[in-house]
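Beneath this line is the structure, given in structure tokens, with notes to follow.
Side chains included, hydrogens not; waters and symmetry mates left out as well; all remaining heavy atoms used.
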Amino acid sequence: MHYPDVRCDRLRESISDFERIEKEKILCGNGAAELFFAVVMAVRPKKALVTAPAFSEYERALGTVGAEVQYYRLKEEQDFRIQEDILEQITEDTDMIFLCNPNNPTGHAVPREQILQIAKRCEETATRLILDECFCDLLDHPEAYSVVPEAEHFPGLFILRAFTKTYAMAGLRLGYGICADRGLLRRLSAGRQPWSISVPAQEAGCAALRESVYLNEARELLKAGRVYLTRELRRMGFLVYDSDINFILF
């Protein structure tokens, strides 16, 4: 019998090689959801900003510490895309902001340059930016959207990623966070129960990261499916919004 490796050393080394980022900036979790609940508990924001619509678990996590939630409302007439005026809603009173890129449920990806602009604003206002990139690797050109290479320049940035979506491993529950704030990572590690990531999940994660061909094949399959489904839903008379990813808002 073997207990899981609490530090997930081998898995973090594999993630480090894959993401080209230092192992010490990586924290693994029981899915990305465990980590964004954990970071909310560690930071305990009083005021937070979320986009609307967005993944409902962000607001649920913020509710566990009684945070006042404000909304940046995505408008239909702007194709539900984030605009530059989001910067005006990030103030010194904003303790935390959750962003999903590409956004769930609208399916739109925010260009890397725009995310970096938001990250810079968050650094100016001492706002924690929790950036959910769980679907990012399934985009046609993820390098045009992910800010993982810039993570070390923004200590207030916490990037979430998950094997759940990228490698269809929902049942095994495996995700990870990337952050340059090692003090925050230590607090997160200290506040969690020690064996949340099973041996099978850690082994599956290491194996998945060796599947270099899989991601390209998955992107091609999803792109073809997205084009087909969008066309057929429109043919049936539905109002369908364009998507960059593996789900469609209609």
Taking all heavy atoms of N216 and all of R219, pick out the closest pair and write down the distance.
OD1-NH1, 2.8 Å
Considering only distance and modelled atom types, tabulate donor-acceptor pairs under 3.5 Å from the side chains of residues 49-58, sequence neighbours left out.
| unit_1 | atom_1 | unit_2 | atom_2 | d |
| --- | --- | --- | --- | --- |
| E57 | OE1 | R60 | NH1 | 3.2 |
| E57 | OE2 | R60 | NH1 | 3.4 |
| Y58 | OH | D132 | OD2 | 2.6 |

Under 3.5 Å, is there a donor-acceptor pair linking the side chains of T106 and N103?
yes
Is the shortest heavy-atom distance from the side chain of D17 to the side chain of L209 under 4.5 Å?
no
Salt bridge flag under 4.0 Å for residues R81 and D79
yes
Any side-chain donor paired with an acceptor under 3.5 Å for D244 and Y145?
no
Determine whether the side chains of T125 and E92 contain a donor N or O and an acceptor N or O closer than 3.5 Å.
no
Within a strict 4.5 Å, meaning less than it, do heavy atoms of the R10 and D5 side chains meet?
no
Quick check: does any side chain N or O of T127 sit under 3.5 Å from a backbone N or O of E123, one acting as donor and the other as acceptor?
no
Hey, mind stepping through Q83 and Y72 against side chain to side chain donor-acceptor pair (under 3.5 Å) and telling me if it holds?
CA-CA 10 Å; Q83 306 297 312; Y72 176 78; 5.6 Å; no
Is R234 paired with D242 through a side-chain N to carboxylate O contact shorter than 4.0 Å?
yes
Test your reading of the model: is there a side-chain donor-acceptor pair from Q114 to the backbone of I82, 3.5 Å cut-off?
yes
Same hydrophobic cluster for F98 and L157, using side-chain heavy-atom links shorter than 4.5 Å among ILVMFWY?
no
Report the C-alpha distance between I248 and Y241 in whole Å, list the side-chain angles of each, state the deciding distance to 0.1 Å, and finish with yes or no for side chain to side chain contact (heavy atoms under 4.5 Å, CB included).
CA-CA 7 Å; I248 296 166; Y241 297 94; over 6 Å; no
Taking atom SG of C8 and atom CD1 of I15, what is their separation to the nearest 0.5 Å?
8.0 Å
Could you tell me whether a side-chain N or O of Q202 sits under 3.5 Å from a main-chain N or O of I197, the two making a donor and an acceptor?
yes
Between the side chains of E150 and R112, is the shortest nitrogen-to-carboxylate-oxygen separation below 4.0 Å, so that they form an ion pair?
yes
Just by modelled atom types, is the Y176 backbone N or O under 3.5 Å from a matching donor or acceptor in the R161 side chain?
no
I'd like to know if the side chain of T94 reaches the main chain of M96, judged simply by a donor and an acceptor atom lying under 3.5 Å from each other, with no hydrogens or angles considered.
no
Using residues 22-29 as the side-chain source, report each donor-acceptor pair under 3.5 Å to any protein atom, sequence neighbours left out, with the distance given to one decimal.
| unit_1 | atom_1 | unit_2 | atom_2 | d |
| --- | --- | --- | --- | --- |
| E22 | OE1 | R182 | NH2 | 3.0 |
| E22 | OE2 | K25 | NZ | 2.5 |
| K23 | NZ | D9 | OD1 | 3.3 |
| K23 | NZ | E13 | OE2 | 3.3 |

Does D140 pair with R226 as a salt bridge, N-O distance under 4.0 Å?
yes
Nearest 0.5 Å, please: how far is CD1 in I159 from CD1 in I21?
6.5 Å
Does any N or O in the side chain of S14 come within less than 3.5 Å of the main-chain N or O of C206, such that one atom is a donor and the other an acceptor?
no
Residues K46 and D93 bridged, charged N to O under 4.0 Å
no
How long is the straight-line distance from CD1 of I86 back to CD of E88, given to the nearest 0.5 Å?
10.5 Å
Look up atom CD1 in I118 and atom CD in Q89, then write down how far apart they are to the nearest 0.5 Å.
11.0 Å
At their closest point, which heavy atom of P102 faces which heavy atom of F135, and how far apart are they?
CG-CB, 3.7 Å
Show the nearest heavy-atom pair for residues A204 and L172, with the distance to one decimal.
CB-CD1, 3.6 Å
Using a strict cut-off of less than 4.0 Å between a Lys/Arg side-chain nitrogen and an Asp/Glu carboxylate oxygen, indicate whether D137 and K165 qualify as a salt bridge.
no
As an exercise, state the distance from CD1 of I245 to OG of S243, rounded to the nearest 0.5 Å.
7.0 Å
Minimum heavy-atom separation for T64 to A61, with atom names?
OG1-O, 2.5 Å
Check: V43 and F158 side chains under 4.5 Å, non-hydrogen atoms
no
CG/L62 to CG/D95 distance, rounded to the nearest 0.5 angstrom?
10.0 Å
Is it possible for you to say whether L185 and F37 belong to one hydrophobic cluster, with membership spreading through side-chain heavy-atom contacts below 4.5 Å?
yes
If we ignore hydrogens and angles and just use 3.5 Å, is the side chain of N246 paired with the main-chain N or O of L222 as donor and acceptor?
no
Donor-acceptor pair, S16 side chain versus R12 backbone, under 3.5 Å?
no
Polar side-chain atom of T230 near backbone of V227 as donor-acceptor pair, under 3.5 Å:
no
Given side chains that start at C-beta, do those of I130 and L99 come closer than 4.5 Å, heavy atoms only?
no
Of the non-hydrogen atoms in F80 and H108, which two are nearest, and what is the gap between them?
O-CD2, 3.8 Å
Given 3.5 Å as the limit, does a donor-acceptor pair link the side chain of T166 with the main chain of A162, or not?
yes
Would you indicate whether E84, at its atom CD, is surrounded by more than 12 heavy atoms from other residues, nucleotides or ligands within a distance under 6.0 Å?
no
Please work out which of the three classes, parallel, tilted or perpendicular, describes the rings of F250 and F238, given edges at 30° and 60°.
perpendicular
Considering all heavy atoms of both residues, which atom of C122 and which atom of L129 are nearest to each other, and what is their separation?
SG-CB, 4.0 Å
Is there a side-chain contact between F18 and V148 (heavy atoms, below 4.5 Å)?
no
Run the salt-bridge test on E232 and R235 with the 4.0 Å N-O cut-off and return the result as yes or no.
yes
